[in-house]
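Chain naming here is simple, since letters A, B, ... match the order of the sequence lines and numbering starts at 1 in each.
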Amino acid sequence: MIKRLLIANRGEIAVRVARTALEMGIEPVGVYAESDDGAFHVGRIGHAVSLGPGSPRETYLSIPRILEAAREAGADAVHPGYGFLSESAAFASAVAGAGLLWIGPPASAIEQVGDKLAARRRARRAGVPVIPGSDGSETSDEELLRKAKEIGFPLLVKPSAGGGGKGMTLVEEAARLPAALEEARRVAEAAFGDSGVYLERLIARPRHVEFQIFGDAQGNVVHLYERECSVQRRHQKIVEETPSCALDAKLRAAMGRAAAEVARGAGYTGAGTVEFLLDERKNFYFLEMNTRLQVEHPITEETLGLDLVRAQLEIAAGETLPSDWRAGKLTPQGHAIELRLYAEDPRTYLPRSGRVLAWESPCGPGVRVDSGVEEGSAVGLDYDPLLAKLVVSASSRESALARARRAVREWVVLGVETNLTLLDAVLSSEDFSSGRYATDLVSRLREPAPRPTPDAAWIAAALAFSQEKPGAAAVSRAEPWDAGTGWRVGT
Amino acid sequence: MILACGEETAEIRIEGESAVVGQRRVQFGVSRTGERLEAIRIGPNAFPVRVAREGDRILVWCAGQVLEFRRAGGRPARRSDSAGGLSAPMPGRVRKVLAAPGDRVARGDAVLILEAMKMEHAIRAPRDGTVTKIFPREGDLVEAGAVLADIQ
């Protein structure tokens with residue numbers, strides 16, 4: 001069994017993995033870039049090794065530095081979390097090559113199912129429907145343009161590697177294709193070190209539904225039900241729920257079977273996620289497979305009463321999938337919703353930085369918060385702007401929704417602008433309440449009517465201003481906008 | 001004192017547990033833990049509040065809303081993008097400069113690529129015109145609101 005686990009990540013997921021390790025009697029060890037020294041995960045994990053100075057590419061994304069850290073820490077296993085190196089076959093094989101246990105599928109399986117185009121071919125062979133598109137054999141602009149006319153516009157240009165909607169570009173007409181290809185290749189090269197792109201027909205108003213799967217070294221592959229991930233902005237998920245309102249028992253069984261088929265025979269072990277698009281007529285299409293733990297894995301944990309990180313660690317250590325999983329005897333209970341708190345402008349969705357000046361996360365029955373920050377944390381621009389995840393669970397969708405609304409309104413975050421008002425707007429929308437929504441939900445939200453500032457807030461602000469130190473007040477009075485000149489310098 | 005919150009401005013006077021907010025007189029009570037303000041009580045209602053100072057502003061969380069207050073008295077700062085300028089919507093690194101001074105651009109053309117949080121954002125021309133100046137160079141870090149280019 002594992003004694004000391006290196007967690008090659010930061011933020012909420014590093015802390016989340018460490019918690020399970022501690023519960024299993026495994027000693028977790030964190031890593032941090034020098035510039036990230038005071039980060040929340042460093043203090044929480046309790047023991048962390050420096051990756052030295054430099055950009056994310058030279059630290060959290062550097063295979064040699066992570067392996068060096070593992071040696072220094074005396075770790076015998078490496079958990080990659082999500083993002084960073086989690087889907088890198090090169091990292092998986094380097095970890096194994098260094099004599100460490102890799103918490104994830106073997107490099108060969110990542111190559112077979114993690115590459116989007118290879119995965120599409122696998123899916124097609126297994127009889128799983130895929131979205132019409134190019135298969136990567138076309139690389140020049142001319143070939144892709146010819147293929148694009150065959151597929152039809154509008155279409156999407158997508159990077160062959162990576163995920164999270166990065167580098168994905170919507171192209172409405174042929175004239176816009178060359179510019180879109182250039183942009184997509186550049187983003188793909190910068191983000192994933194691979195400039196390969198392919199084309200895919202745009203499905204109008206799809207729902208995005210994914211299935212959690214698990215494999216073991218004995219060749220078993222099972223699914224652990226779905227997560228509805230249609231609430232997105234900039235092609236990235238912000239709210240997820242399970243079960244999905246879009247599936248009935250028959251469709252759920254068919255999609256779950258298809259999900260397992262994509263991974264079966266690839267030597268896939270550990271956790272993975274198979275993503276599908278569902279069109280308005282409930283036809284499903286294989287989209288891609290993520291060969292790691294998902295950000296939104298907690299909603300599956302809540303409805304199935306499982307710890308997926310524990311399962312990952314046990315499978316990596318060679319254990320067989322539990323017999324009730326293999327027998328399909330797991331049954332989800334109730335309903336769970338995840339809300340992602342991002343440091344971003346709630347209207348433009350552009351990332352925000354700053355310092356967290358006040359932080360109180362929601363609590364109470366059925367509320368779980370997986371956080372990567374606390375009061376005083378610096379939020380920079382080098383990393384993903386995800387601050388924390390709120391996961392609520394209840395016996396029905398209706399009560400989970402009410403619980404989510406209550407919890408979102410309890411959340412105190414000052415100092416860094418967040419998407420809390422957007423999350424509240426999603427939860428309060430007719431589309432979300434009814435369960436009949438697609439990936440365009442966020443774009444259909446109406447701007448909320450401005451609320452008058454409550455008297456309590458005016459009073460609190462006035463009390464705070466009047467507590468300024470006399471010196472500070474004098475300085476503030478000397479500033480030009482108080483002198484009534486009508487303009488302000490230096491901004 | 002005169003305070004502004006978004007589009008609203010109000011004069012606030014506080015004497016003990018009595019406040020005048022604009023035209024309204026409000027009797028209130030305060031709940032604190034140590035120095036920290038926890039709630040403002042008005043009549044039978046308690047409004048949970050948290051307060052933080054950021055530069056010359058006071059940030060208030062009040063029952064699920066985040067509000068930003070400043071002392072009022074002047075006009076809002078000028079916005080650079082109303083005067084032919086193109087400004088950075090967020091802090092980040094200039095990844096690529098796509099236009100040079102003298103170039104004619106059409107509305108919607110990408111002028112620069114700004115990278116933040118591993119995402120690339122095209123900064124597009126707000127109207128047709130001629131680029132007269134590009135301020136940053138590729139690789140430069142820019143602050144939110146920094147003027148990136150002039151288009152006449």
Closest non-hydrogen atom pair, [X] against [Y]:
| X | Y | answer |
| --- | --- | --- |
| R95(B) | A190(A) | NH2-CB, 3.6 Å |
| A456(A) | I42(B) | N-CD1, 4.0 Å |
| P351(A) | H121(B) | CD-NE2, 4.3 Å |
| G415(A) | E54(B) | O-OE2, 3.2 Å |
| R53(B) | F465(A) | NH2-CD2, 4.3 Å |

Quick one: what part of [X] sits under 4.5 Å from any heavy atom of chain A, side chain, backbone, both or neither?
| X | result |
| --- | --- |
| R41(B) | neither |
| A19(B) | side chain |
| L59(B) | both |
| L3(B) | both |
| F69(B) | both |
| I2(B) | neither |
| V60(B) | both |
| R93(B) | neither |

Problem set entry | Pair E183(A) + K96(B): basic N to acidic O under 4.0 Å | no
Exercise. Does the pair L414(A) and V51(B) meet the rule for a side-chain contact (heavy atoms from CB on, under 4.5 Å), with working shown?
Worked result: CA-CA 8 Å; L414(A) 290 178; V51(B) 174; 5.7 Å; no
Within a strict 4.5 Å, meaning less than it, do heavy atoms of the [X] and [Y] side chains meet?
| X | Y | result |
| --- | --- | --- |
| E35(B) | Q467(A) | no |
| T453(A) | Q65(B) | no |
| V66(B) | L420(A) | no |

Exercise. What distance separates E182(A) CD from L98(B) CG, expressed to the nearest 0.5 Å?
Worked result: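 The distance works out to 7.5 Å.
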Problem set entry | Distance (rounded to the nearest 0.5 Å) between D455(A) CG and F28(B) CZ |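 Reported value, rounded in 0.5 Å steps: 11.0 Å.
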For atom [atom1] of [X], is the number of surrounding heavy atoms from other residues, nucleotides or ligands below 6.0 Å larger than 12?
| X | atom1 | answer |
| --- | --- | --- |
| R32(B) | CZ | yes |
| R57(B) | CZ | yes |
| R13(B) | CZ | no |
| Q23(B) | CD | no |

For this session: Show the numbers, then the answer: is there a salt bridge (charged side-chain N to carboxylate O under 4.0 Å, His left out) between R50(B) and E375(A)?
Result: CA-CA 12 Å; R50(B) 296 292 181 277; E375(A) 201 159 294; over 6 Å; no
Exercise. Looking at E417(A), E410(A), R409(A), R186(A), which makes the most heavy-atom pairs under 4.5 Å with chain B?
Worked result: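 The residue among E417(A), E410(A), R409(A), R186(A) with the greatest pair count is R186(A).
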Problem set entry | Among the listed options V412(A), D345(A), V413(A), the residue most often paired with chain B at heavy-atom distances under 4.5 Å | V412(A)
For this session: Quick one: which of P91(B), A122(B), G22(B) has the most heavy-atom pairs under 4.5 Å with chain A, could you say?
Result: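 Highest number of pairs under 4.5 Å: P91(B).
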Heavy-atom cut-off 4.5 Å, strictly under: side chain, backbone, both or neither for [X] against chain B?
| X | result |
| --- | --- |
| V408(A) | neither |
| E360(A) | side chain |
| W458(A) | both |

